[in-house]
Protein chains: 2
Amino acid sequence: MPALSKREQIVTEALKLFYRNGFHATGIDRIISEAKVSKKTLYNHFRSKDELVLATLRKRDELFRNYIMRETELRSRTPRERLLAIFDVIEAWFQESSFSGCMFINASAEFSESDHPCHILCAEHKRLVREYLRDLAVQAEAQAPEELSKQLNLLIEGATVEAHVCGDHDAASPAKRIAEMLLNQAF
Amino acid sequence: MPALSKREQIVTEALKLFYRNGFHATGIDRIISEAKVSKKTLYNHFRSKDELVLATLRKRDELFRNYIMRETELRSRTPRERLLAIFDVIEAWFQESSFSGCMFINASAEFSESDHPCHILCAEHKRLVREYLRDLAVQAEAQAPEELSKQLNLLIEGATVEAHVCGDHDAASPAKRIAEMLLNQAF
DNA sequence: GCCAAGGGAAACCGATCGGTATATCTTTTT
DNA sequence: AAAAAGATATACCGATCGGTTTCCCTTGGC
């Protein structure tokens, strides 16, 4: 029983490559080379490249949301504090050297038809993040938790895009200032 | 003298295909087929696919910023009104059947290295849009025009991402509501 | 009429794409 | 020990990639 199963090796390496270089620009040969796995093994675990892409996106969803929730809950205690702390978490994310934007925004750009399985999965990821925000807003007893979570989510998306496209790693600060204002009015 | 020069034919058609299907996913053969132009003609006008991509991005920057400014100024008169009207303009944009997100966000996803010419051009486009916002904020005599324009820009980016990834064509509304709040506090 | 220029169609280039097949070797199970 | 399963490297497949070249035809200027 290896520390990492072949499947996990492949997904882990594909995740890195897809995130850094894009989906269409990353070839199967490159993936098996970096993952140190034969092509047959890859196609033994995944029926097609598309399925591998979906698997990496599912993995990323799991890793990323866990990261956000864990870090947020580590930095603050009350739900209301957490709604603000998220902006500190994404700021730290922006400053990672491997930061290359939101993988789901990137994937939606490459798989732009709204009914493509990858695009659907991206929308689902965004829904789950917003759901987390809404839960926090409900716990914090905000007046309009649904609207508040939508607005905070907008700020997060905007900051993420700004950080990636313009290389502005402090893009979370103005977003956080708006969030403070929103929170002051939401109770 | 043709109505559209060969060069314009190529750029126009490449723009449509790159925007709809992505850059790496769109091949040269497809472009010349749709543009009804021979491959030799294309490579007579552009040294490489990368140069064609850059040319389409420059064209898009010109078309898009003109569209935003024209529509914004058509819908409102005072600078302050215009800072709000922009959100109506992007809402109309989201509802176009050909809407496929912000082409520069999409391009940044595919050309993610920050020093890639395409990525640089995307950052430049975003800078020019933000500059327009800042000019309006200055004209409107906002207290902190730089900060205000940054914040409004965040909202626009966030709404655009939300509209594309989640197919939420009303994503501009919550953004506009926040913008109204920001404007009420900025004077 | 002549001639250069530009464009068109299509062959061609080496490389790479996603994906399959084969044949050998190692590991695990029984 | 034997058999089954899984992994390996490698060759191969047809298609497509970005890009070049060849040949022919049209067009406009003189």
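The chains referred to below are lettered A, B, ... by the order of the sequence lines, with proteins before strands, and numbering in each begins at 1.
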How many Å lie between CG on B/D29 and P on C/dC12, as a whole number?
16 Å

Is the B/F104 ring parallel, tilted or perpendicular to the B/H125 ring (thresholds 30°, 60°)?
parallel

So does A/Q95 get a backbone contact from the side chain of A/H169, meaning a donor-acceptor N/O pair under 3.5 Å?
no

OH on B/Y19 to SG on B/C102, rounded to 0.5 Å:
8.0 Å

Rounded to the Å, how far apart are A/Y43 OH and C/dG19 C1'?
5 Å

Rounded to whole Å, how long is the line connecting atom CG of A/L42 with atom P of C/dA21?
16 Å

Do A/R127 and A/E131 meet the salt-bridge criterion of a basic N to acidic O distance under 4.0 Å?
yes

Heavy atoms only, 4.0 Å cut-off, all strands: where does B/T26 land among base, sugar-phosphate and nothing?
sugar-phosphate

Give the rounded distance in Å between these two atoms: CD1 of A/I32 and C1' of C/dT20.
13 Å

Need to verify one output field. Residue with the more 5' nearest nucleotide on DNA chain D, B/K40 or B/S48?
B/S48

Taking atom C1' of C/dT20 as reference, at what distance in whole Å does atom CZ of A/F46 sit?
18 Å

Before accepting this row, confirm whether a basic side-chain N of the pair A/K176/A/E91 lies closer than 4.0 Å to the acidic partner's carboxylate O.
no

Verify the contact: side-chain N or O of B/N44 to OP1 or OP2 of C/dG6, cut-off strictly under 4.0 Å; return yes or no.
no

To the nearest angstrom, the NZ-C1' distance between A/K39 and C/dA21 comes to 12 Å

Please list, in 5' to 3' order, the outermost nucleotides of DNA chain D lying under 4.0 Å from any heavy atom of chain B.
D/dC17 to D/dC23

Which part of the nucleic acid, if any, lies within contact of A/T41, taking any heavy atom under 4.0 Å across all strands shown: a base, the sugar-phosphate backbone alone, or nothing?
base

Figure out the CZ/P separation between A/R30 and C/dG18, and round it to whole Å.
13 Å

Assess B/R65 against B/Y132: is NZ or CZ under 6.0 Å from the centre of the six-membered ring, and within 45 degrees of the ring's axis?
no

With a 4.0 Å cut-off, would you call A/R30 and A/E34 a salt bridge?
yes

